[in-house]
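Remarks on the structure that follows.
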There are 2 protein chains.
Amino acid sequence: MRRKQAEPAEFEGQADPALQGPLQQYVGYALRRAQLAVFQDVIATLADVDLRPAQFSVLILVDANPGIVQSHASASLGIQKANFVPLLTELERRGLIDRVAVDGRTNGLFLTRKGRATLKRANALHTVHHARVDAIIGTENREQLIEICLKLAELAR
Amino acid sequence: MRRKQAEPAEFEGQADPALQGPLQQYVGYALRRAQLAVFQDVIATLADVDLRPAQFSVLILVDANPGIVQSHASASLGIQKANFVPLLTELERRGLIDRVAVDGRTNGLFLTRKGRATLKRANALHTVHHARVDAIIGTENREQLIEICLKLAELAR
DNA sequence: TATTGTTATACTCTATAACTATA
DNA sequence: TATAGTTATAGAGTATAACAATA
């Protein structure tokens with residue numbers, strides 16, 4: 001399992017002088033560093049329920065959209081349908097979701113009772129992470145960050 | 001080579017109804033989607049000079065800090081020293097950087113003439129990407145986004 | 001004929017452990 | 001004894017292509 005990212009350079013509480021260059025002004029670089037840090041915190045937070053971010057996102061999506069079909073779910077999450085298969089297979093193996101045949105080629109997704117219980121625990125844990133994020137940047141900044149990120153995601157269309 | 005990410009779900013210009021759930025409020029999820037989209041755009045933009053984002057960041061860092069030693073450079077970029085080795089080896093193989101022994105166990109990093117020329121081309125290409133980002137979110141939002149991301153990166157410490 | 005789910009495969013990124021040569 | 005660079009290896013994540021079964 002992945003545990004931590006590379007230690008950031010330490011300079012007695014100062015910002016790393018090597019990073020005062022143009023890199024600090026690049027959106028992609030800032031996003032990468034922030035995303036890695038946040039994911040690291042989420043991974044550590046959800047370790048108790050043994051859920052990775054991608055697995056957590058599937059449970060959330062299926063909980064909010066019972067019966068959603070695989071192809072729709074994977075497209076919504078921006079995951080290739082081919083990569084979605086082993087993800088679901090593992091969640092099904094653990095008894096957290098069910099694949100229910102809608103017709104001969106389509107599966108609807110549902111949380112099992114155990115899946116709902118696990119998600120409930122995961123949500124409680126995630127609240128702690130969420131509070132940690134808000135403590136660092138504030139609620140207002142969080143909401144603005146998300147708004148900006150959603151606009152940037154349009155670049156992928 | 002990686003070319004594109006999964007197609008986002010399309011709903012005749014509407015937002016994907018399956019994503020109106022709690023996922024939209026999570027910083028980690030928003031950051032991941034935005035980072036993937038921005039990186040995809042950077043990768044496509046820099047394809048002409050055959051540089052991946054990580055390679056580009058190394059050239060920028062070494063250009064701004066000639067002679068920086070490997071361990072410092074990798075820590076500054078948040079890359080494990082073990083993973084930094086093949087990255088540098090490839091850049092050296094392509095004649096873009098030089099590893100110069102400082103003492104028996106330490107390498108200082110320098111751009112070659114070709115490395116500087118390639119970086120110059122890459123920067124010119126990157127300007128186009130940068131303009132695309134600003135066109136979507138605006139300069140002010142970009143600056144605020146970066147500020148917030150840097151604060152979030154503190155989570156990793 | 002197009003779509004859904006699947007298998008196979010490969011590349012990138014990130015991580016750890018252990019080694020060597022040197023300071 | 002600690003550090004810099006390296007090698008080996010493994011696990012995620014993401015990408016493509018091709019296939020069978022079904023609509």
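Everything numeric in this text was worked out from a predicted model, so none of it was measured. Proteins come first, then strands; the chains are lettered A, B, ... in the order of their sequence lines, and each starts at number 1.
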Going by number, which of residues 92-112 of chain B have a non-hydrogen atom under 4.0 Å from DNA chain D?
Arg99(B), Arg105(B), Thr106(B), Asn107(B)

Indicate, with yes or no, if Leu31(A) and Tyr26(B) share a hydrophobic cluster defined by side-chain heavy-atom contacts under 4.5 Å among Ile, Leu, Val, Met, Phe, Trp and Tyr.
yes

What pairs with Asp103(A) under side-chain hydrogen bond (donor to acceptor under 3.5 Å, both in side chains), at least two apart in sequence or on another chain?
Thr106(A)

From CG of Leu51(B) across to P of dC13(C) the rounded distance in Å is 12 Å

Only pairs under 3.5 Å count here: list side-chain donor-acceptor contacts from residues 122-130 of chain B, not counting sequence neighbours, and write none if there are none.
from: Asn123(B); atom 1: ND2; to: Leu119(B); atom 2: O; distance (Å): 3.4
from: Thr127(B); atom 1: OG1; to: Asn123(B); atom 2: O; distance (Å): 2.9
from: His129(B); atom 1: ND1; to: Asp41(B); atom 2: OD2; distance (Å): 2.6

Contact list (N/O, under 3.5 angstrom) for nucleotides 18-20 of chain C vs protein:
none

So if I take every side-chain heavy atom of Leu36(A) and compare against dT6(C), dT7(D), dT14(C), which nucleotide ends up nearest?
dT14(C)

Separation of atom CZ in Phe39(B) from atom P in dA15(D), rounded to whole Å
13 Å

Should Leu61(B) and Phe39(B) be counted in the same cluster of Ile, Leu, Val, Met, Phe, Trp and Tyr side chains packed under 4.5 Å apart?
no

Check this one for me: any side-chain N or O of Gln80(B) less than 4.0 Å away from OP1 or OP2 of dA15(C)?
yes

Which Ile, Leu, Val, Met, Phe, Trp or Tyr residues join Val85(B) in one cluster when any pair of side-chain heavy atoms under 4.5 Å counts as a link?
none

In whole angstroms, how far is the P atom of dA12(D) from the CG atom of Leu87(A)?
11 Å

Given side chains that start at C-beta, do those of Tyr29(B) and Ile146(A) come closer than 4.5 Å, heavy atoms only?
no

Does CZ belonging to Arg121(A) count more than 12 external heavy atoms closer than 6.0 Å?
no

5'-most contact on DNA chain C (nearest-nucleotide basis), Val69(A) vs Arg32(A), goes to Val69(A)

Between dT3(D) and Ser71(B), is there an OP1 or OP2 to side-chain N/O distance shorter than 4.0 Å?
no

From CD1 of Ile43(A) over to P of dG11(D), roughly how many Å is that when rounded to an integer?
16 Å

For Arg99(A), all residues meeting side-chain hydrogen bond (donor to acceptor under 3.5 Å, both in side chains), sequence neighbours excluded:
Gln70(A), Thr89(A), Glu92(A)

May I ask you to say whether Glu154(B) pairs ionically with Lys151(B), meaning some side-chain N is under 4.0 Å from a carboxylate O?
no

Spacing between Gln35(B) atom CD and dG13(D) atom P, to the nearest angstrom:
13 Å

Starting from P on dT16(D), measure out to CG on Asn83(A) and report it in whole angstrom.
10 Å

Under-4.0 Å side-chain N/O to phosphate OP1/OP2 contact, Gln70(B) with dT6(D):
yes

N or O in side chain of Gln55(A) less than 4.0 angstrom from dA12(D) OP1/OP2:
no

Can you figure out which of dA12(D), dT7(C), dG5(D) approaches the side chain of Arg52(A) most closely?
dA12(D)

Whole-Å gap separating P (dG5(D)) and CD1 (Ile79(B)):
14 Å

Taking the side chain as every heavy atom from C-beta outward, state whether Val100(A) and Asn107(A) have any atom pair closer than 4.5 Å.
no

Specify the separation, in whole Å, of atom CG of Leu91(A) and atom P of dA12(D).
13 Å

